[in-house]
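I have placed the structure first, in the form of structure tokens, so that the comments after it can refer back to it.
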Amino acid sequence: MKTENNFNPPEQVLNATDRPRIVVGTATCGRASGAMKVLKTIGDELKRHDIDADVTEVGCIGLCFAEPLVDIIKPGKPRITYGELTPQKISSLIEDYLINDNPRPDLALGTIGEGSIEGIPRLFEIPVLRSQVRITLRHCGHIDPEKINDYISVGGYKGLEKVLTEMTPQQVIDEVRTSGLRGRGGAGFPTATKWQFCYNAPGNQKYIICNADEGDPGAFMDRSMIEGDPHAVIEGIAIAAYAIGASEGYIYIRAEYPLAVKRVLFAIKEAEAKGFLDENILGSDFSFHLHVKEGAGAFVCGEETALMASIEGKRGMPRPRPPFPAQSGLWGKPTNINNVKTLATVPIIIDRGGKWYSQFGTEKSRGTSIFALTGKITYMGLVEVPLGITLHDIIHDIGGGVPNGKKLKAVQTGGPSGGCLPANMANLPVDYEELARAGSIMGSGGMVVMDEDTCMVDVARFFISFTRSESCGKCVPCRLGTKQMLDILENICSGKGKPGDLELLEDLAQSIKVSSLCGLGQTAPNPVLTTLRYFREEYEEHLKYHHCRAVVCKELVTYSIIGEKCPGCGLCVRECPVGAITFIGKKKPVILDETKCTRCGACYSICRLGAVEIK
Amino acid sequence: MLKLIINGRQVTAKNGMTVLQAAQEAGIYIPTLCADPDLEPHGGCRLCIVEVEGMRDMPTACTTTVSDGMVVNTETEAVNKARRTVIDLLISDHPMDCLTCVKNQRCELQEVAAYLGITERHLPMTITERPVDDSNPFFTLDHNYCILCQRCTRTCDEVTVVNAVEIINRGYDSKVSTFGDKPLMESICKSCGECVVRCPVAALVPKNNIIPTSEVETTCPYCGVGCMMHLGIRDDKIISVKGSRNSQANNGRLCVKGRYGIADFVHHPQRLTEPLIRKNNVLQEANWDEALDIVTEKLSGYSCDQIAVIASAKCTNEENYIVQKFARTVLGTNNIDHCARL
Amino acid sequence: MLTVAHLEGSVQSNFKKQLDSILLNFKQDRGNLIPILQQVQHELGYLPGEAMQAIADFLHLSSSTVYSVSTFYTQFKLVPSGRNVVRVCRGTACHVRGSASLLRDIERRLGIKPGETTADREHSLETVACIGACALAPVMIINDDVYGRMTTTDAGKALGNYRANKETEMKP
Ligand SMILES: Cc1cc2nc3c(=O)[nH]c(=O)nc-3n(C[C@H](O)[C@H](O)[C@H](O)COP(=O)(O)O)c2cc1C
Ligand code: SF4
Ligand code: SF4
Ligand code: FES
């Protein structure tokens, strides 16, 4: 039901400048790739050449594989995005393009906006971006997250103004209902239904909470959203607060995201100064105060009731529902909790109408969803796609497939609560129902691609080890069940598995699913159950033949030296911490003593000639 | 009054009751380990899960409130299968020395395991040697037996409001402990033993474990609150004390003195049972007539203002009233005080 | 294992002032417990026993309650860390791209396990569930510097740059 291919309004606004503008992506992934060094070089070079230009910092456009990214806009020219920059590359680029007018197509990824430049494709037509529909992420990478005027200039806070001046809370809820928006935090509960519960709940004091705990260890959608476009999140929260009748709100954000915390705090200050928050917003009689609470490192605090306990200053232990937060939530008051992406999508739904939004996606899963595409994939990054797109399209068309000529083995969605789907299910449409039917969940948007070098038993062990250490310990099935499952999986991975282990594992997994108190325990078995369902033969190989086909399980592999490839350089001899490798002479291959080898992999990583073999 | 159906039986319940309470009132057993009538519902042990028509998951009876027309099944195969897994998990992390355990036959874990027909261990043992806190003179905290039902920590929070014991760490590493993971005696624990009473297993047990043959109900002599208690008797001696719910003053609760201080002082060889009169500088046993005569004689040697009366906190309010009445009308003095003020 | 660390005499009086000035910014409200613990840890690097006791008094909570909250959240450190904190990301994306062997290698080089500090107090090793830089997996963080696309060899080099005393050799 796709009608519009790409939705990208802010470009005109930012392209119109009378002097060169340089835009640098300085979100967390950009910084980790050296964006701050590039930024500094830009400043130095502009000064050195005495060029008058604007330098803007923006969030992440999602092309993480090409970080650090810089856009250059010369007056009258389309905006050009450059990738994989280094201080050296940027200084020559400034000289070549800004002074000598050579746009350096060799460094460019694409152009944005009117006009074209020879040798450079249009950015939104390169494969990574072509099939994306960027609605929620539309501003990320384009506007300066620390300038509220940037956000306003692209239509920001228009939605809030509209609801305050033209709409009743019930009309807001109805508009969201029309859009078909479902929660992007994992379970996919219809957002309007949830708001309606809270709106209907009796009580003068109500709360709205934005869940930015993003606990899935392989996902960064919410971080990017907040780093790149904090005002969209704030506007969405304010609209939701108006709809349910909340006067206080909290953003509960992971402490591991210092930049996002900084940016959202700054954005709240700016919004307060402009009258979009606090008393009598935009002159109406609606008042709303927004606070930020930093998490303290507990995955379970993403669960609604644990999150509220944490805000109340307690251990983040969930409690049984009912009562639901809409009835009795934070400090016993009706409370509504939504994910960052859910709320960030609200302003445009209000602005463009629920009907407009509902044209994207499928019958039951409307709209677009954001995924963090990572793992063994060529183009890692953040993608926004209409729901119903197939896994294949995401992995191959957008992600560029599995690199290094390896074969796709599995796709993991939903993080520790989700499952691993095999390559032969790549034609599965990505929506809430289809993924659940396959044993996984949509989750909040982590999508980790695995190739033949990934051991599926090890992946199950990895996730259970995560849930074991993140279990709050309140209920028996999760506290002791994850421990039992981990013990069994560790045995299988180290060749100590026993016959009957797989049946025991399956049995335990089923019971833990039905009897755990909260979503953490109820979904923790999913990675085990899906790998057992789709990759049982790998389990059996580990169990019966002590064989790990992906050579990942340390105890089941052997290291050896390939004589023909080893010139006897001896690098590995020094590297081996246990003295398992001996040097017997120049030009003679070294000898590896398997009985001493602890399989630490030190020799493998130091040897550049591929002479160390792992089997 | 609401009507609901539990296991095909029509049951009535009061508004606001939990399914567990409604079932218990109707005499229907639902296994539990973390529920306690004095504590807020917790929902941690998961044994009380039931099936309720129209609800997707299996809710816990202890946390679900009844509604009119509710249809509850407490004994379906799915429910019992999940319960058996819970017990399997608990006993794989618990010592298997029931016969020599102090809680043998009084252990709630044993009771539930028997109810579910569990006769063997299905899962590998996960338990490792854990520490025992022996510091408190009255009871022991043995982490090996703890099933983390949190009845103790919730008691210390909700009943005694001391919060000396709390759960520390998280998940499998959780543990009942105190500030700094210190022994109980180095903490703010008041040794009231309310947690010990509620521990379903042998994790918190009194050091004195003899079982009485009969019980006598009485009022605690230690102070004027008037807590009632059941004294456990064996061989004509008090060997244990249990709070009684028959008095609103304590509703089953006791403090450290009442719970752990009675048997000792009642049977102490140095306890005064007869009045003593000092004759020739030596205290000698006398009878009450002799003793009271001496008191009368000595008191009449002083003027009213020279006399002061100090009453005891061990007396009841009524007794203290009599003391002041005696002082004011018989002795004619207003010099009255009370030891609790000193 | 040390469960609560105490301040040394010399820092104690200074600490009192520092703590009071932190508490000044907060209302005596249980909801502030975690923000206060975060602020104290931010300034002192860890949560000394004295601080937890003082916070308990300030919020009218028992010291056990404060301890129980502090030990629930992985962010809180009850003992001081080494001069350099090395964190290896153990998120899914990093795991799939080899963070397990990266971690093993760093353990070997530093001679400590996650959660431990070297005897010379130079390095502490920690794991982190995910820092959201998955596209750069595997990721290692030393103090506040993020290192992406790490190999064991690169990690060794990076670690070397954080040693005050470059003479004392680290394992290769
Ligand atoms: C263990 C656990 C962790 C969760 N973590 C998150 C999270 O990090 N972010 C999030 O938005 N929702 C998380 N959720 C889901 C939330 O509980 C909740 O359903 C969601 O925030 C609701 O928002 P939505 O309706 O917009 O999806 C988690 C749930 C569980 C059980
Ligand atoms: S399922 Fe796990 S995380 Fe959830 S309440 Fe139970 S122990 Fe805690
Ligand atoms: S000590 Fe007893 S009451 Fe306390 S948590 Fe353990 S088993 Fe429950
Ligand atoms: S008694 Fe209901 S969960 Fe324990």
Side-chain angles (χ1 to χ4, degrees), chain A residues 296-301 305-306 314-323 327 465-488 490-491 496 498 500-501 503-505 507-522 524-525, chain B residues 18 33-34 40-49 51-52 55-65 67 78-94 109 122-128 147-150 153-154 157 166-176:
Chain A
F299 171 63
V300 68
C301 287
T305 58
K314 300 179 187 151
R315 291 163 63 87
M317 310 263 256
R319 59 155 180 78
R321 295 173 303 181
Q327 305 159 295
S465 136
F466 177 81
T467 34
R468 196 222 80 135
S469 63
E470 295 296 333
S471 161
C472 82
K474 178 168 178 175
C475 76
V476 179
C478 173
R479 181 180 75 241
L480 297 176
T482 51
K483 159 84 176 151
Q484 281 281 0
M485 288 200 290
L486 181 61
D487 285 358
I488 297 173
E490 278 181 343
N491 281 340
K496 287 183 252 145
K498 290 187 288 295
D501 271 0
E503 292 71 21
L504 187 61
L505 202 54
D507 209 45
L508 260 176
Q510 293 292 2
S511 288
I512 294 165
K513 241 174 118 85
V514 297
S515 59
S516 291
L517 192 163
C518 84
L520 192 155
Q522 287 161 4
Chain B
T18 64
L33 279 175
C34 69
E40 292 293 319
H42 180 64
C45 78
R46 316 303 294 164
L47 281 164
C48 69
I49 51 170
E51 281 187 35
V52 176
M55 281 176 104
R56 210 162 28 104
D57 312 316
M58 296 191 277
T60 38
C62 68
T63 60
T64 309
T65 43
S67 60
V79 156
N80 277 327
K81 182 172 183 294
R83 287 178 183 158
R84 278 195 294 271
T85 304
V86 169
I87 296 293
D88 278 342
L89 286 166
L90 281 175
I91 61 181
S92 71
D93 203 58
H94 191 91
L109 179 58
H122 297 101
L123 297 171
M125 287 301 260
T126 46
I127 188 169
T128 47
I147 58 169
L148 289 167
C149 66
Q150 293 198 40
T153 56
R154 284 149 62 217
D157 176 36
E166 288 273 15
I167 302 291
I168 65 163
N169 306 333
R170 179 169 85 194
Y172 186 74
D173 307 314
S174 301
K175 179 181 175 193
V176 172

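Sequence lines set the chain letters: A, B, ... in the order given, protein chains first and strands last, and positions in each chain run from 1. These figures come from a predicted structure and were not determined experimentally.
- When each of B:Val79, B:Asn169, B:Leu33 is scored by its heavy-atom pairs under 4.5 Å with chain A, the top score falls to B:Asn169.
- Contact check on A:Asp507 versus B:Lys81 returns a salt bridge, with a Lys/Arg side-chain nitrogen under 4.0 Å from an Asp/Glu carboxylate oxygen.
- Within the 4.5 angstrom heavy-atom criterion, only backbone atoms of B:Ile168 (N, CA, C, O) approach chain A.
- Contact check for A:Ser471 versus A:Val300: no side-chain heavy atoms found under the 4.5 Å cut-off.
- Considering only heavy atoms from C-beta on, B:Arg46 stays 4.5 Å or farther from B:Met58 through its side chain.
- For B:Leu47, no part lies under 4.5 angstrom from a heavy atom of chain A.
- Classification of B:Arg84 and B:Asp88 as a salt-bridged pair fails, no side-chain N sitting under 4.0 Å from a carboxylate O.
- Looking at A:Leu517, the atoms closer than 4.5 Å to chain B (heavy atoms on both sides) sit in the backbone and in the side chain alike.
- Residue contact with chain B, scored on non-hydrogen atoms closer than 4.5 Å, involves the backbone and the side chain of A:Pro477 alike.
- Closest heavy-atom contact between A:Gly316 and A:Ala306: O-CB, 3.5 Å.
- Residue A:Ser516 touches chain B through its backbone alone, counting heavy-atom pairs closer than 4.5 Å.
- For B:Thr63, the parts lying near chain A are the backbone and the side chain together; criterion is any non-hydrogen pair under 4.5 Å.
- Between B:Cys62 and B:Thr18 there is no side-chain heavy-atom pair separated by less than 4.5 Å.
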